[in-house]
Every structure is written in C-alpha cells, then in structure tokens.
Protein chains: 2
Amino acid sequence: MSFFSSGVEYAIHSLMCMVDDSGNGREMSVREIAELHGMPYDYLGKVFTRLAKAGLVSSLEGRNGGYQLARSPAEITIRDVALAIDENKTLFDCREVRQRMAVFDSVIPVWACDTPCSVRLVMDEAQRQMYESLARHTILSLTRRMLKKVPDSYPIQISEWLTQRRSG
Amino acid sequence: MSFFSSGVEYAIHSLMCMVDDSGNGREMSVREIAELHGMPYDYLGKVFTRLAKAGLVSSLEGRNGGYQLARSPAEITIRDVALAIDENKTLFDCREVRQRMAVFDSVIPVWACDTPCSVRLVMDEAQRQMYESLARHTILSLTRRMLKKVPDSYPIQISEWLTQRRSG
DNA sequence: GGAAATCTACTCGGATACCGCGTGTCCGAGTTATGGTGG
DNA sequence: CCACCATAACTCGGACACGCGGTATCCGAGTAGATTTCC
C-alpha cells in the first residue's frame, strides 16, 4: 500500500475546490464536495474533522453550514494537509535490531539503547527531505498550476454546478 | 503502518554485518545472519532472494554456501536496498479524482485523462527527494558511521561469535 | 587408498495462516437556519 | 404580525464491518561440499 492514505488525496482535492476564481476561500459543505468529486460522503466527513482539528479549516454548524478555509490558501502547504490527515506516520519504524544481537547474551549494553540507530537516522533524514518537498507547495500554488492545464470553462462549470445545486 | 517494510530494515542490517573490519565483503549464510540479529530465519531467506535478484548480493549454493556482496559496499546505496525489497512502492497512489468529477456527466474530457494530475506530480517529486536522500548513503558509509558510536570490542565480538559458531 | 554412495547444510520458491490497519458505512447527538402554525 | 414549534441540513464522534497486504511459518526441491562405505 502507499504511504499516504486516500484521505490525504481527498483532502487536497477538497481544499483546492474551496478556492474560488479570485484565489480566495469559499464555503462549502462536505456533501457538496463529496458529490462534486465522487468521494464517499461519510469518509470525507472524518477527513474534514481532522482538517478542522489541525486548524486548516473552520466549521460552521447548523443548517447551511459547512467548512471554510481557516487560513489563506497560500498559507496552507501540502505538508500541512498530509500531517493533518496522517499524523505521526513514519516512513520507517526502527525495530531496534541492535538490541537483539546474539553477541549480547541477554545483557544489552547501554550504548545500544542510548545512541540512536544509524539506519533510523538515515531514514528520518529522508523523511524530512520528503516533507520539505511537500512544504514547498501550497493549496493556492497547486490550484493555479492545475488551472493552467485545464480549459477556461472548467472552473466556470464548477461554479455553475454549485449554484444550480444550491438553488434546486 | 510505515512505508518501508521490516524487510528493508533486516536487509540493511544484514548487509552491514557482511562488511568486515577492513571494509570488504565477507560471506555469510542466512542462518548465521538471522541468529546473529535475532531475525526470523525463513523471512530473512526471502529478503535475500530479493537482494540477489536485484544484483546486490550473489548466492553460493550447496553446503557451506551463503551470500556475499555482489558489489563493493561503497557502491550499494540505501536506495538500492530499499528498492530491491520494496519494489514499485509509491508514496501516493493517485485515484484520478478528476475523472470522477460530477460536472462531467459520464463524459470524461480528454484532458482529464491525458494531463497528469497536479497532486500526483507534487507527490512524485517528494518521493524522488526521499529516494535521493537515501542514495546519498551506502552500506559502507553507514557501517563506518555505526562503528564510530560503538566500543572497539563490538566488531571483534561479532567476528569471534562467527568463528566460534562455525567451528563448534 | 580411491571411487561411489550417503549425509548435511545451504539456496530457492510456492502455499498458507495470522492479524493489524486502511477504507468505508451506519447511526445517534448536537446546532442552526427555514417554514409552517396558532394566537 | 409575531411567537412558537417542527423540520431539514448541517457538523461531530463512536462503533463496526470488510478486505488487503505485511509478516511470518512450513514444506519440498535442487545443489554441492563433507563424510562414510565398500571394494
């Protein structure tokens, strides 16, 4: 399986569609977003609960409620989103092989417990590089990049789909 | 769960202990390695099959057989090992959300199929950064770094453990 | 003493079992506009 | 006209079911050095 859960993908696409044509945030409900993207509604609800808990979006309860971006889309990095959904995930979990070496017969030396495993250090560094790469992109930059590759009618279609759904 | 399987960890530690004091490769059997590290023997066997298939080690069949490094430990990067064990793993698998947008009623436009998803591009870039970070370390450099943090008696202990096991 | 047969310690690959976790679904509770109803 | 009430459309959180893949184990087949046996 892949490292990032499907929730991360859902979250990024969701936040991207919450940016309107002028680059500002727009309020949307989970149901709207789910139907627009063909995502499972209940599952997306949990995704947004996590986004809210991480402070990326804020919720408006009650009828006509929904979510809106809590920060400018230029200040929400992809790293933020990934960490909000998949928190405390590590590329590698060290099983402390050194402490199980047969040369220590049931007496593990202190250095094997205190000093960090070299393998783990290398992996942690790689993970840091990965997250730094993700931190270089924001919801806004991603949205702008997408709009370049798409016909001009596309964002209009979405806006119309939204207004039509809200009226009917 | 973590991205890299436990097999990657086993493989790295195994290859590290196949480097002798002078930095050259030394032949060892899977059973020796498994017992030395307290790793599951059968499972480690499969790990080495993959390492051999990737050309990182070469096998010597028959009695007194085993594995030896197929290249200099300075020319085996951690990236090589990770790819040998966990091949074709991706940080992120794109579910092509764009193609499920409700604004396309059952008629998916060509651009949504041809142009790559922006989200995927960002993730792929992050994955590349991660692997490049891993490629900067080799089995030899990792071994050397480990030896610095360890009492001088440690590598001697391992060598003695080996010779004693082979004689008795 | 030398050749042949047997034994042993390996590498391989397939089949399988276990189990945690990602993914998705269902349900109930709390909140707030909206619309209807009665005085 | 206004107060009140029911309803609908939301957000939230817990519980649970399903299935896949990581981890591990078992077993049989093939290979080759070591050992024994036998002439």
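Note on naming: letters A, B, ... go to the chains in the order of the sequence lines (proteins, then strands), and numbering restarts at 1 for each one.
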Query - Positions of residues 84-93 of chain A (non-hydrogen atom under 4.0 Å from DNA chain D), listed by number - result: none

**Report entry** Cationic N near anionic O, under 4.0 Å, Glu87(B) to Lys89(B)
**Finding:** no

Query raised in the report: Is the charged tip of Arg120(A) near the ring of Phe92(A): under 6.0 Å from the six-membered ring centre and within 45° of its axis?
Result: no

Query raised in the report: So what does Arg95(B) touch, heavy atoms closer than 4.0 Å: a base, only the sugar-phosphate, or nothing?
Result: sugar-phosphate

Query raised in the report: Base, sugar-phosphate, or nothing for Tyr41(A), non-hydrogen atoms under 4.0 angstrom?
Result: base

**Report entry** Nearest-nucleotide comparison on DNA chain C, the residue closer to the 5′ end among Glu61(A) and Ser5(A)
**Finding:** Ser5(A)

Query raised in the report: Is the backbone N or O of Thr77(B) less than 3.5 Å from a side-chain atom of Asp80(B), with the two atoms forming a donor-acceptor pair by type?
Result: yes

Query - Within residues 28-35 of chain A: residues closer than 4.0 Å to DNA chain D (heavy atoms) - result: Ser29(A), Val30(A)

Requested in this report: Would you mind telling me which residue lines up with the more 5' stretch of DNA chain D, Ser6(B) or Phe48(A), judged by nearest nucleotide?
Outcome: Phe48(A)

Taking only nitrogen or oxygen atoms into account, show me every contact under 3.5 Å that the protein makes with nucleotides 13-18 of chain C, one pair per line with its distance.
| from | atom 1 | to | atom 2 | distance (Å) |
| --- | --- | --- | --- | --- |
| dG14(C) | O6 | Lys46(B) | NZ | 2.6 |

Requested in this report: Just call it for Phe4(A): base, sugar-phosphate, or nothing, with non-hydrogen atoms closer than 4.0 Å on any strand.
Outcome: nothing

Query raised in the report: At under 4.0 Å between heavy atoms, what does Gly66(A) touch on the DNA or RNA strands: base, sugar-phosphate, or nothing?
Result: sugar-phosphate

**Report entry** Closest approach of Val8(A) to Val81(A) (non-hydrogen atoms, all atoms of both residues)
**Finding:** O-CG1, 4.5 Å

